[in-house]
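The structure displayed is predicted, hence computed values, not measured ones. Order of listing sets the numbers, starting from 1, for every ligand and every atom in it.
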Amino acid sequence: MFRKRRVRPTGSPDELVAIVEKGVDPHVVVFHEPQSVPAEQFRGLRNSLVSLNSERAPRVLAVTSALRGEGKSVAVVNLGCAFAELRETRVILVDADLRDPSLEDLLGLAPGTGLHEVLTGRLPLEQAIRPTFLRGLSFLGAGGPAEHSLEILASGRFKPILDALKESYHYILVDTPPALAVTDAGVVGRSADGILLVVRLEATPRSRVEQALAVLQGLGGNVLGTFLTGVPLSARRKDAYAYR
Ligand SMILES: Nc1ncnc2c1ncn2[C@@H]1O[C@H](COP(=O)(O)OP(=O)(O)OP(=O)(O)O)[C@@H](O)[C@H]1O
Ligand SMILES: [Mg+2]
């Protein structure tokens with residue numbers, strides 16, 4: 001993984017693109033390999049989500065999974081890039097994994113303030129939002145570190161933040177911790193319009209997926225579907241990703 005602490009726009013526009021590109025994690029295939037099958041699969045998922053939204057209302061989508069390391073954060077960034085490719089579509093990624101945030105790394109951004117500071121009233125929302133390497137794709141990091149993430153997320157301030165983001169963005173994609181590890185994902189999920197459940201092929205036991213579904217729905221979440229991961233991103237198989 002490439003990690004650049006700070007991106008300074010010092011050179012010509014061409015140089016700037018080259019500098020920024022080095023900072024973006026290679027798993028962001030919609031950016032690094034836009035013609036690849038995995039990138040196309042993320043666009044397919046985007047298209048499914050757009051078709052579910054016939055009234056074209058602003059939408060908050062939470063992404064979670066049963067267990068750790070199933071590909072949630074990578075999916076959030078790729079899906080965000082795919083949405084931002086659509087004309088006149090403004091997208092924001094929100095890192096609500098306050099315990100173990102990773103979107104900054106994936107986006108190649110330096111650690112900064114974010115959701116934690118906004119939720120605790122120490123920073124106005126608009127000051128916490130940052131641009132990314134892609135036009136139309138903004139970012140609200142986790143900030144922190146947050147010791148009491150569940151309390152902070154469940155404090156009643158989170159939903160108004162999402163509502164405020166709906167004023168400026170068409171799609172708000174929210175990354176979360178694993179649903180079976182902590183309650184954070186369920187709390188975030190019930191504030192979202194829909195939840196995507198990432199399932200790692202041949203790794204996540206069916207019983208754990210069913211348990212996660214029960215937890216999310218039990219907390220009032222609207223689970224839209226599952227998104228399968230788990231085939232190496234360099235693979236060119238047509239079934240590398242699936243959405244149903
Ligand atoms: N679609 C995918 N196909 C294959 N491997 C993937 C895919 N997405 C992610 N990975 C691999 O899984 C690792 C973990 O991905 P990621 O950080 O997105 O998981 P996560 O579910 O967000 O983890 P955590 O629960 O720790 O937040 C990545 O570093 C990458 O190696
Ligand atoms: Mg993650």
Subject >> Thr229, any N or O under 3.5 Å of ligand 1 N or O >> reply: no

Original post:
Is it true that Leu125 and Tyr169 fall in one hydrophobic cluster, defined by side-chain heavy atoms closer than 4.5 Å?
Top reply: yes

Subject >> Min N/O separation Val74 to ligand 1 under 3.5 Å >> reply: yes

**OP:** Compute the shortest N/O to N/O distance between Asp100 and ligand 1 and return yes if it is under 3.5 Å, no if not.
**Re:** no

Original post:
Out of Val63, Asp97, Asp105, who gets a non-hydrogen atom closest to atom 27 (O) of ligand 1?
Top reply: Asp97

Subject >> Which of the ligand 1 atoms, numbered from 1, are nearer than 4.0 Å to a heavy atom of Arg68 >> reply: 24 (P), 25 (O), 26 (O)

**OP:** Compute whether any side-chain donor of one residue and acceptor of the other, for Lys72 and Ser65, lie under 3.5 angstrom apart.
**Re:** yes

**OP:** Report the residues that fulfil ring-ring contact (aromatic ring centres under 6.0 Å, His included) with Phe139, sequence neighbours left out, ordered by chain and then residue number.
**Re:** none

Original post:
Judged by modelled atom types alone, do Glu70 and Thr229 share a side-chain donor-acceptor pair under 3.5 Å?
Top reply: no

Original post:
Going by distance alone, is a donor N or O of one side chain under 3.5 Å from an acceptor N or O of the other, for Tyr171 and Thr89?
Top reply: no

Original post:
Is the shortest N/O to N/O distance between Ser65 and ligand 1 below 3.5 Å?
Top reply: no

Original post:
So which protein N/O/S atoms does the Mg ion (ligand 2) have within less than 2.8 Å?
Top reply: Ser73 OG

Original post:
Ring centroid separation for Phe227 and Phe42, is it under 6.0 angstrom?
Top reply: yes

Original post:
Is it true that Glu147 and Arg99 have a side-chain N and a carboxylate O under 4.0 angstrom from each other?
Top reply: no

Original post:
Distance only, no hydrogens: is a donor on one side chain within 3.5 Å (strictly under) of an acceptor on the other, for Asp175 and Ser73?
Top reply: yes

Original post:
Salt bridge or not for Asp193 and Lys166, using N-O below 4.0 Å?
Top reply: yes

Original post:
Considering Arg200, Gln41, Arg99, which one's heavy-atom position lies nearest to atom 11 (C) of ligand 1?
Top reply: Arg200

Subject >> Short N or O distance, His27 and ligand 1, threshold 3.5 Å exclusive >> reply: yes

Subject >> Given Thr183, Asp97, Asp100, Asp184, the one that forms side-chain hydrogen bond (donor to acceptor under 3.5 Å, both in side chains) with Ser149 >> reply: Asp184

Original post:
So, Arg122 and Thr120: side-chain donor and acceptor under 3.5 Å apart, yes or no?
Top reply: yes

Original post:
Should Gly69 be listed as contacting ligand 1, given a heavy-atom distance under 4.0 Å as the test?
Top reply: yes

**OP:** Run the numbers for me: atoms of ligand 1, each under 4.0 Å from some heavy atom of Glu70, listed by number.
**Re:** 19 (O), 20 (P), 21 (O)

**OP:** Give the cluster check for Leu216 versus Ile172: same hydrophobic cluster or not, with ILVMFWY residues linked at side-chain heavy-atom distances below 4.5 Å.
**Re:** no

Original post:
Heavy atom under 4.0 Å from ligand 1: found in Val198's side chain, backbone, both, or neither?
Top reply: neither

Original post:
What do you reckon, does Thr176 have a nitrogen or oxygen under 3.5 Å from a nitrogen or oxygen of ligand 1?
Top reply: no

